[in-house]
*Asks:* 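Have a look at the structure that comes next, please.
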Protein chains: 2
Amino acid sequence: MSVGHTGVTTPAATTPVVSCAEECGVRDVQDRLGDKWTVHVVVELAAGVRRFRELQRLVPGISQRMLTLTLRRLERDGLVTRTGYPTVPAQVEYELTGSGHSMTHLIKALVDWSLDHRGAIAEARAAYDARGRGGGA
Amino acid sequence: MSVGHTGVTTPAATTPVVSCAEECGVRDVQDRLGDKWTVHVVVELAAGVRRFRELQRLVPGISQRMLTLTLRRLERDGLVTRTGYPTVPAQVEYELTGSGHSMTHLIKALVDWSLDHRGAIAEARAAYDARGRGGGA
DNA sequence: CCGAATCCGGAAAGATACTG
DNA sequence: CAGTATCTTTCCGGATTCGG
């Protein structure tokens, strides 16, 4: 990693270069992974095909809007497929694609690490929080 | 957050249970990992001890404020240590802790996956984007 | 039943000036 | 050099409503 080049000292000056060759795609994944709902949805979808309402029921506090947005983003990135059946009470099924499934591994890694360090983080936080106004009144 | 108060018709049912036992700590990690700057900073810190200015120089477009916030959050979570020397031109060093270093593995996994799927995602996006207004002209 | 569009409030990012 | 205080702006997320 270590992208290195700050690029600030470019003679052209004031060039707001944002082009970091090797992490262009990383940002996207970060966005998905950092998203509050995406992870939940992917996890639910990992179990199999799900319908819209079903997902909304499965994911605790998600709103209809957020579910739609989340699914659309995932679909756009080719992580899930959307199959709509033109039945009378419209019915749409969502399913993870190959990429989507491989992403679950990443999510697992995230969850594993989190579970592994959750205690330490909680402690560190408590300590930090207490330290803040430790001596003073 | 505040899932509960839709205010109006709350017909006893549809209890907005938010208690997800196995992902309490995950959210925190997600926040850090999903953060635009945190990852960059951690990567730079992975190489060794760094000073404030140094980090700012190393990370392309970050502002003092964002760097400060990012570092403070990391410090709070026990991922980095802050060591300040009371010299005349104040001097502070930041260093990754054990947890911090272990987090780099997670970041690496993230980067690896991203790099591996970046192409597919780009394609999927292009396709999706084109499909949107495909037929017409 | 699915989901698109709209309105709105609050939180976080961002830039800058200023202080120790 | 390091960090805070202040202001601005941007974006996320929820509620609502209309259409297929």
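The chains referred to below are lettered A, B, ... by the order of the sequence lines, with proteins before strands, and numbering in each begins at 1.
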*Asks:* From CD of Glu93(B) over to C1' of dG3(D), roughly how many Å is that when rounded to an integer?
*Replies:* 17 Å

*Asks:* Do you reckon Met103(A) sits in the same ILVMFWY cluster as Leu115(B), going by side-chain contacts under 4.5 Å, direct or chained?
*Replies:* yes

*Asks:* Rounded to whole angstroms, how far apart are CZ on Arg57(B) and P on dA2(D)?
*Replies:* 8 Å

*Asks:* In a check of side chain to side chain contact (heavy atoms under 4.5 Å, CB included) between Val41(A) and each of Leu45(A), Thr38(A), Val43(A), which one passes?
*Replies:* Leu45(A)

*Asks:* Does Trp37(B) make a side-chain N or O approach to OP1 or OP2 of dA13(C) shorter than 4.0 Å?
*Replies:* no

*Asks:* Look up atom CG in Leu71(A) and atom CG in Leu55(A), then write down how far apart they are to the nearest 0.5 Å.
*Replies:* 6.0 Å

*Asks:* Whole-Å distance between dA5(C) P and Leu67(A) CG?
*Replies:* 16 Å

*Asks:* Glu54(A) has an atom CD; how far is it from atom C1' of dG3(C), in whole Å?
*Replies:* 17 Å

*Asks:* If you define the side chain from C-beta out and look only at heavy atoms, does anything of Thr81(B) sit under 4.5 Å from Glu75(B)?
*Replies:* no

*Asks:* Ignoring backbone atoms, test whether Arg53(B) places a side-chain nitrogen or oxygen under 4.0 Å from the OP1 or OP2 oxygen of dG3(D).
*Replies:* no

*Asks:* Give the rounded distance in Å between these two atoms: CD of Gln56(B) and C1' of dT4(D).
*Replies:* 14 Å

*Asks:* Please lay out, stage by stage, how Asp77(A) and Arg73(A) fare under the test salt bridge (Lys or Arg N to Asp or Glu O under 4.0 Å).
*Replies:* CA-CA 6 Å; Asp77(A) 286 359; Arg73(A) 283 195 276 243; over 6 Å; no

*Asks:* How far does NE2 of His117(B) sit from CG of Asp28(A), to the nearest 0.5 angstrom?
*Replies:* 13.5 Å

*Asks:* Within the 4.0 Å heavy-atom criterion, would you say Tyr85(B) contacts the bases, only the backbone, or no part of the nucleic acid?
*Replies:* nothing

*Asks:* Do Leu69(B) and Val42(B) land in one hydrophobic cluster if side-chain heavy atoms of ILVMFWY residues count as linked below 4.5 Å?
*Replies:* yes

*Asks:* Hey, can you pull the residues of residues 41-52 of chain A with a non-hydrogen atom under 4.0 angstrom from DNA chain C?
*Replies:* Arg51(A), Phe52(A)

*Asks:* Looking at the side chain of Arg72(B), which of dG14(D), dT4(D), dA15(C) is the nearest nucleotide?
*Replies:* dT4(D)

*Asks:* Kindly point out which of dC1(C), dC1(D), dA15(C) is positioned nearest to the side chain of Ala90(A)?
*Replies:* dC1(C)

*Asks:* Would you say dA13(C) has OP1 or OP2 under 4.0 Å from some side-chain N or O of Arg73(B)?
*Replies:* yes

*Asks:* Which part of the nucleic acid, if any, lies within contact of Asp35(B), taking any heavy atom under 4.0 Å across all strands shown: a base, the sugar-phosphate backbone alone, or nothing?
*Replies:* sugar-phosphate

*Asks:* Tyr94(B) side chain N/O closer than 4.0 Å to the phosphate oxygens (OP1, OP2) of dG3(D)?
*Replies:* yes

*Asks:* First locate atom CD of Glu93(A), then atom CD of Glu54(A), and finally report the distance between them rounded to the nearest 0.5 Å.
*Replies:* 8.5 Å

*Asks:* At 4.0 Å (heavy atoms only), tell me whether Thr68(B) reaches a base, stays on the sugar-phosphate, or touches nothing.
*Replies:* base

*Asks:* Between dA12(C) atom P and Ile62(B) atom CD1, what is the distance in whole Å?
*Replies:* 17 Å

*Asks:* Using whole Å, what does the distance between atom C1' of nucleotide dG13(D) and atom CG of Leu71(A) come to?
*Replies:* 16 Å

*Asks:* Give the rounded distance in Å between these two atoms: CE of Met66(B) and C1' of dT8(D).
*Replies:* 13 Å

*Asks:* Of the options dC1(C), dA5(C), dC1(D), whose atoms approach the side-chain atoms of Gln64(A) most closely?
*Replies:* dA5(C)

*Asks:* Starting from the 5' end of DNA chain C, give me the residue, Arg65(A) or Val92(A), whose nearest nucleotide shows up first.
*Replies:* Val92(A)

*Asks:* OP1 or OP2 of dG14(C) versus the side-chain N and O atoms of Lys36(B): is any pair under 4.0 Å?
*Replies:* yes

